[in-house]
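What follows is one structure encoded as structure tokens, with my remarks underneath.
So that the names make sense, note that chain A is the first sequence line, chain B the second, and so on, each numbered from 1. These numbers come from a predicted model, not from an experiment.
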Number of protein chains: 2
Amino acid sequence: MSDPTGEAQSLRMTNSPAQATLQDVAALAGVSAKTVSRVVNKQGEIKEATRQRVQEAIDKLGYQPNFLARSLVHRRTYTLAVAAWGIDYFGPSRTIVGIEQKAAELGYSLFLNLLSNPDNPPSHEQVLSDFVAHRVDGIVWAVPEVGDNRTWIQTERLKQLPPIIFLNMSAHPGFAMVSVNNQNGGRQATQHLIDQGRRKIGIITGPKKWWEARERYLGWKKALEEADRKPSPMLAVESNWTSAGGEQAMYQLLKQEPDIDAVFASSDQIALGAMKALSATGRRIPQDLAIVGFDNMPEAAFFAPPLTTVYQHLIDVGCTAVENLHRMIEVHREGKKSIESEATISEPELVVRASTMKY
Amino acid sequence: MSDPTGEAQSLRMTNSPAQATLQDVAALAGVSAKTVSRVVNKQGEIKEATRQRVQEAIDKLGYQPNFLARSLVHRRTYTLAVAAWGIDYFGPSRTIVGIEQKAAELGYSLFLNLLSNPDNPPSHEQVLSDFVAHRVDGIVWAVPEVGDNRTWIQTERLKQLPPIIFLNMSAHPGFAMVSVNNQNGGRQATQHLIDQGRRKIGIITGPKKWWEARERYLGWKKALEEADRKPSPMLAVESNWTSAGGEQAMYQLLKQEPDIDAVFASSDQIALGAMKALSATGRRIPQDLAIVGFDNMPEAAFFAPPLTTVYQHLIDVGCTAVENLHRMIEVHREGKKSIESEATISEPELVVRASTMKY
DNA sequence: TTGTAGGCGTTATCAA
DNA sequence: TTGATAACGCCTACAA
């Protein structure tokens, strides 16, 4: 049989109904594959009659172009890889929302790795290899800087990767990044407490292994020093980011400095835990002790009392990262191999609520 | 020049350092591409000497296999698509964590669409087309059932899609799904309040457009009816999922039923807002009014007082969904075209805390 | 143990 | 305006 549609039909006959291909459509419409391709991609001039015939064939077969094949030819996947961690936390999840929004806006798909496998955490190399193997156009590295988990970031390694942008990491000149000025956040929180007339201002930090925790701590320290106060070690207690940790740390702090009258908690969750410890020991907020958090999670406004806190524009951070990455990708495609070194800093904002009111 | 490595080198010379290919490696190692392929995939018998030579070439060129090309041949991408929404909410984000964990465990990558573009929300068809175009092996539909956003789910449409599993939707016989028994959750919450001797038990529901909200409401209603109480309309107020909504709704409820002595809030955030309204009106929890939430977010244990709430095993839900989907994919590949119709129900658990203590 | 030929589904190039 | 041919990078089947 010389029926040109024979092949197409036999394909459609198989069990798992294989997607129709350009060839199938072409055969059914009685044109060449290239013509179908042109119709699909609206490129070149095509006679209206032909176009319609092709379109009908497409509809009839339920043809869906194969991105894999297209990407192979184009050497471009229009896909961004996102390495993240802790999306069940407020901060990280908001960042990803920002990333996703801007990515969608610019026409990118998202390839996600949450590095959250508890048993067998993948190494950075594994994750990166995976990204490269999938030929993503760019990478957003949204894993918090903890311990030495960024020592792999070196010019030599980066040269072998697609454009990559880092979120919230310490200054690495020459690498693209978008970071929140955590230090400024800590400083604003502390300065506010000073302005409110507080005399003894403690801090509950996040894990010191975290860059963000160290920065917020530094902000506290510098604000005190600039006001000629002593950031005594007795005024600082390290915690994890949780409410449970915050509660415990608050007890510790009260033991070390019973007459403390203000606390900068390095996260809203810590603040919530601390507030519980405070009310358990009969202290009133803000009369006896003022407290500031960090993050401005939606619940913070409904704590008892409503929590003064530091607001990070995390969605913006995600958006900006993708915008910059997009630019890097374009430049990269032009063939300039220079690593873009743009570093964007996002300034957080203090949100004042009842937990730090003057009394 | 007959140097077999010539081509490879010239490739490495280009501006954007194109990834080396099997050919490049083969040329450098002086073998055929197929041999390199075997080394990479550890298949067949290879002389150790050859293997080593190839491996060296691989290392020297920094060769990374191209998944696109491989997927094209295999007609399989080892990628799962996830359509989700609201990952900056506690519930959805936990679900995704579960999805990601199990996917990683089973060797799948994740292709994510959050449907979160506020300006230009993509249609279901767009999202699905995108998934199909990328030839994902399976789809996890984790978008909450709101309004009529699931009317597209029909056997005919599904036949054209890869295996797909739905999360948290109303019973659709014949379709694969994993749902939390929200009705049972609402029932447990209400029953607990009854058991605690509460006489007038109200409810603040989520948006009635949401399936989950309706189910929780139904649980409340049935529990009351089974106890021969009347679920008066005056006892129910609709809200959104937020604390702000909960606060407002609580005021409304107090206006409608001033002597109410218990409330089932359909989310922890709602509960938090309600608690604020209660303390603002001088009511004590649990003495004057008991309250139950839904979700068991980590902060709930630190509310003042700690919140009794309904715990959904959302990470498990995500895991189970991927497990089932994986099985569906395997079956699908065997050629059986039958749509797997497994429906898994996850039972939530009541977590009792101080907000519902007897007084 | 290794290599050759052909194809996966698409697009670019050049020709008709 | 359309089509044939040759990639894209890899793998399967079959040979050698």
What pairs of nitrogen or oxygen atoms, one from the protein and one from nucleotides 13-16 of chain D, lie under 3.5 Å apart?
none

[X] [atom1] to [N] [atom2], straight-line distance once rounded to whole Å:
X: B:Tyr63; N: D:dG9; atom1: OH; atom2: C1'; value: 7 Å
X: A:Gln23; N: D:dT5; atom1: CD; atom2: P; value: 13 Å
X: B:Gln19; N: D:dC10; atom1: CD; atom2: P; value: 10 Å
X: A:Gln52; N: D:dT2; atom1: CD; atom2: C1'; value: 18 Å
X: B:His74; N: C:dG9; atom1: NE2; atom2: C1'; value: 16 Å
X: B:Leu68; N: D:dC8; atom1: CG; atom2: C1'; value: 10 Å
X: A:His134; N: D:dC10; atom1: NE2; atom2: P; value: 13 Å
X: A:Arg76; N: D:dG9; atom1: CZ; atom2: P; value: 16 Å

Problem set entry | B:Gln43 CD: over 12 foreign heavy atoms closer than 6.0 Å | yes

Quick check on [N]: is either OP1 or OP2 less than 4.0 Å from any side-chain nitrogen or oxygen of [X]?
X: A:Gln43; N: C:dA12; answer: yes
X: B:Thr35; N: C:dT2; answer: no
X: B:Asn66; N: D:dC8; answer: no
X: A:Ser37; N: C:dT11; answer: yes
X: A:Arg75; N: D:dC8; answer: no
X: B:Thr50; N: C:dT2; answer: yes

Problem set entry | ring pair (Phe, Tyr, Trp, His ring centres under 6.0 Å) evaluation trace for A:His172 with A:Phe166 | CA-CA 10 Å; A:His172 278 62; A:Phe166 297 90; 7.4 Å; no

Exercise. Under 4.0 Å between a Lys/Arg side-chain N and an Asp/Glu carboxylate O for A:Glu56 and A:Arg53?
Worked result: no

Problem set entry | SB check A:Arg327 A:Glu330 (cutoff 4.0 Å) | no

Exercise. Just by distance, do the side chain of A:Asn149 and the backbone of A:Pro144 share a donor-acceptor pair under 3.5 Å?
Worked result: yes

For this session: Say whether, by atom type as modelled, one donor and one acceptor occur between the side chain of A:Ser37 and the main chain of A:Ala33 under 3.5 angstrom.
Result: no

For this session: Kindly assign one of parallel, tilted or perpendicular to the pair B:Trp152 and B:Trp141, based on the angle between their ring planes and the thresholds 30° and 60°.
Result: perpendicular

Problem set entry | Axial bend angle, the helix from C:dT1-D:dA16 to C:dA16-D:dT1: five-pair end segments, nearest 10° | 40°

Problem set entry | Which residue lies more 5' along DNA chain C, comparing B:Ile46 with B:Leu72 via nearest heavy atoms | B:Ile46

Exercise. Does B:Glu45 or A:Leu22 map to a spot on DNA chain C nearer the 5' end, using the closest nucleotide for each?
Worked result: B:Glu45

Problem set entry | Option among A:Val146, A:Leu114, A:Val143 that satisfies the side chain to side chain contact (heavy atoms under 4.5 Å, CB included) test with A:Trp85 | A:Val143

Seminar exercise, completed: With the side chain defined as heavy atoms from C-beta on, B:Ser32 is closest, among C:dT11, D:dT1, C:dT4, to C:dT4

For this session: Please identify each residue that fulfils side-chain contact (heavy atoms from CB on, under 4.5 Å) with A:Ala103, with sequence neighbours left out.
Result: A:Leu80, A:Tyr108, A:Leu110, A:Val322

Exercise. Which residue, A:His332, A:Arg333, A:Arg76, A:His326, forms the side chain to side chain donor-acceptor pair (under 3.5 Å) with A:Asp137?
Worked result: A:Arg76

